[in-house]
Amino acid sequence: MPQPLTAMPSRGLTGRIKVPGDKSISHRALILGALATGTTTITGLLQAEDVLATARAVAALGAEITRANGAMVVKGQGVGGLRPPAGALDFGNSGTGSRLMLGVVAGHDMVADFVGDASLSRRPMGRVLVPLECMGLAVEGERRTLPLRVRGTPDLVPIVYDLPVASAQVKSALLLAGLHAPGRTTVVEPVPTRDHTERMLAHFGAELSVEDRADGRRAVSVAGDAELEGTAIRVPADPSSAAFIVAAALICKGSDVVIEGVLMNPTRTGFLATLREMGARIEVLDLGEDCGEAVGDLRVRTSVLKGVTVPPERAPSMIDEYPVLAAVAAFAQGQTRMQGLAELKVKESDRLAATAAGLASCGVEASIEGDDLIVTGTGEVPGGGTVETHMDHRIAMAFLTLGLGAARPVTVDDVTMIATSFPNFVPLMTQLGAAFQ
Ligand code: S3P
């Protein structure tokens, strides 16, 4: 049953909060924990539907997962040591879980069925199946979307693969498969994408090399027949969840908010860089490092913003933040042009279309030109509309955030999908002073 919710115009958001753990790092911690020998203790794991689906999948493949003292403990089976699942692996809404696990299953002598919800079943899997097939994965039938039946092999072949799209999910699936292949598997990305898999592989003891090329491309290479050793992982707060709080503090008058322990990996900070160019007052306090990842506290205050152009090469470092950036752009003076957003069309929904339509229903001037999204802000947002979320958590949260700063309430048609990434979004916003009905 869809659950609508209305964001009421709100002012003066204040307080110190922590948002849940990073989704990308949480998936990877569970997966690498399952492929390691010994135990991996994960603190701060995101307890949200997407990550729980990955936890169930690795458990169905033989990793033991228990809870102890607030941490998740994964007893791994070693690279190549997972066993065939008794039933289908259900990834729910999660593109990351399903694509990364295709890379894992590829290296095992097993048949596995991959299924997901209606949104995930529409998303392209060919981008990961094509290179995995080159390595030896067999896919039953002609399908390139879930549900899929695949057969892995212990005799994978290492490859060198030039990614046709900048996708951390595809890169990660190939590196995970590469752990099982003899020799080196190399992935060349057109622009650097989030590098959590690389960092975490190194943390687990894999042999890895990264080469930044003069033309801006990045080559990542992993040594196969790898041995990973269980370790401790502390998951920093998710910058893609923090983004909604940052946005709300910027647009709701009289706000001053601190968000603690946010992941500050440079492959994830494009949103903050863009907001600063728009004039946002954002300070990074206490920048430090934890488990190979940069972490800091963010202080955000209400700001007068101006429109900017966001270049296409920045997209991978803020790919999940465009809907909420578009919401912020609606409050800026002038035009914000977000360039090169083709990948947004194949996210949990067609986010390019959903964002433009949502803005229009809130009285904001927005248009799509090719793969660019153009938002014309006037400093004031009328609101008053109902936004269709298309089973997309980030569309729901972006427009609830927009509603908090708008002149009139904004309703989103369904908030149930928020549980996939940020289950306590509404309570946390409420704690800061936001109002919902
Ligand atoms: C993710 C990579 C991104 C991002 C997704 C998480 C990851 O997808 O949109 O939410 O954890 O690797 P793509 O790599 O397909 O762009």
Side-chain angles (χ1 to χ4, degrees), residues 20-32 45-46 48-51 53-54 91-104 116 119-120 122-131 145-146 161 163-176 187 189-201 218 220 235-236 238-244 263 265 267-271 293 312-325 340-352 354-355 371 391-395 397-398 417-418 420-422:
D22 185 68
K23 182 151 73 72
S24 294
I25 293 181
S26 294
H27 284 294
R28 288 157 171 82
L30 288 168
I31 293 171
L32 291 186
L45 186 88
L46 171 63
E49 287 305 324
D50 275 15
V51 173
T54 293
F91 290 94
N93 193 244
S94 180
T96 307
S98 54
R99 293 189 177 120
L100 269 55
M101 287 303 292
L102 279 167
V104 170
S119 156
L120 183 56
R122 281 191 291 268
R123 298 182 65 186
M125 292 292 151
R127 52 180 55 198
V128 62
L129 295 177
V130 166
T145 51
L146 266 46
Y161 191 68
L163 286 179
V165 284
S167 166
Q169 293 180 357
V170 180
K171 170 179 66 176
S172 300
L174 299 183
L175 294 175
L176 290 169
V187 187
E189 36 186 10
V191 278
T193 65
R194 65 190 66 193
D195 61 359
H196 310 304
T197 304
E198 296 91 304
R199 286 173 191 265
M200 206 182 283
L201 277 170
R218 177 177 280 179
V220 184
V235 183
D238 194 330
S240 300
S241 296
F244 301 105
L263 174 70
N265 178 314
T267 62
R268 297 287 297 280
T269 51
F271 179 63
E293 293 280 9
E313 63 275 10
R314 197 179 289 168
S317 69
M318 53 177 296
I319 192 67
D320 293 334
E321 282 72 79
Y322 283 101
V324 71
L325 177 67
L341 305 188
E343 277 296 296
L344 283 199
K345 298 177 195 166
V346 291
K347 292 296 176 188
E348 286 82 330
S349 67
D350 176 348
R351 285 188 178 156
L352 195 52
T355 303
D371 295 331
M391 288 185 79
D392 190 325
H393 54 132
R394 297 199 201 279
I395 297 294
M397 290 186 278
M417 296 310 289
I418 292 176
T420 63
S421 69
F422 193 174

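Read the numbers this way: they start at 1 and go in the same order the structure lists the ligands and their atoms. Excluded from the calculations below are hydrogen atoms, water molecules and symmetry mates; all remaining heavy atoms, backbone and side chain alike, are included. Starting from 1, each residue takes its place in the sequence as its number.
- Side-chain contact, Ser240 with Lys23: no donor N or O sits under 3.5 Å from an acceptor N or O.
- For the residues Arg268, Lys23, Gln169, the heavy atom positioned nearest atom 1 (C) of ligand 1 is part of Gln169.
- Distances shorter than 4.0 angstrom occur between a heavy atom of Ile319 and an atom of ligand 1.
- Looking only at heavy atoms of the protein, atom 15 (O) of ligand 1 is closest to Ser167 OG, 3.2 Å.
- Not one N or O of Val170 is nearer than 3.5 Å to an N or O of ligand 1, by distance alone.
- If you check which protein heavy atom lies closest to atom 11 (O) of ligand 1, you get Ser24 OG, 2.7 Å.
- At a heavy-atom cutoff of 4.0 Å, ligand 1 is contacted by no atom of His196, backbone or side chain.
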side-chain hydrogen bond (donor to acceptor under 3.5 Å, both in side chains) for His27 and Thr96? Distances and angles first, verdict last. CA-CA 8 Å; His27 284 294; Thr96 307; 4.6 Å; no

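- In terms of protein heavy-atom proximity, atom 10 (O) of ligand 1 is closest to Asp320 OD2, 2.7 Å.
- When only modelled atom types and interatomic distance are considered, His196 and Ser24 share no side-chain donor-acceptor pair under 3.5 Å.
- The protein heavy atom nearest to atom 12 (O) of ligand 1 is Arg28 NH2, 2.7 Å.
- Of the polar atoms of Lys347, at least one N or O is found under 3.5 Å from an N or O of ligand 1, judged by distance alone.
- No option in Leu344, Asp392, Thr355 other than Asp392 meets the side chain to side chain contact (heavy atoms under 4.5 Å, CB included) test with Ser349.
- Looking from atom 6 (C) of ligand 1 to the surrounding protein, the closest heavy atom is Thr96 OG1, 3.3 Å.
- A donor-acceptor pair under 3.5 Å links the side-chain atoms of Thr420 to the main chain of Met417, judged by distance alone.
- Among all protein heavy atoms, the one lying closest to atom 14 (O) of ligand 1 is Ala168 N, 2.7 Å.
- Side-chain contact check for Lys347 versus Arg394: every heavy-atom pair is 4.5 Å or farther apart.
- Shortest non-hydrogen contact noted between Leu176 and Leu100 is CD1-O, 3.7 Å.
- Of the polar atoms of Arg394, none of the N or O atoms is found under 3.5 Å from an N or O of ligand 1, judged by distance alone.
- Ile25 CD1 to Thr197 OG1: the interatomic distance, rounded to the nearest 0.5 Å, is 9.5 Å.
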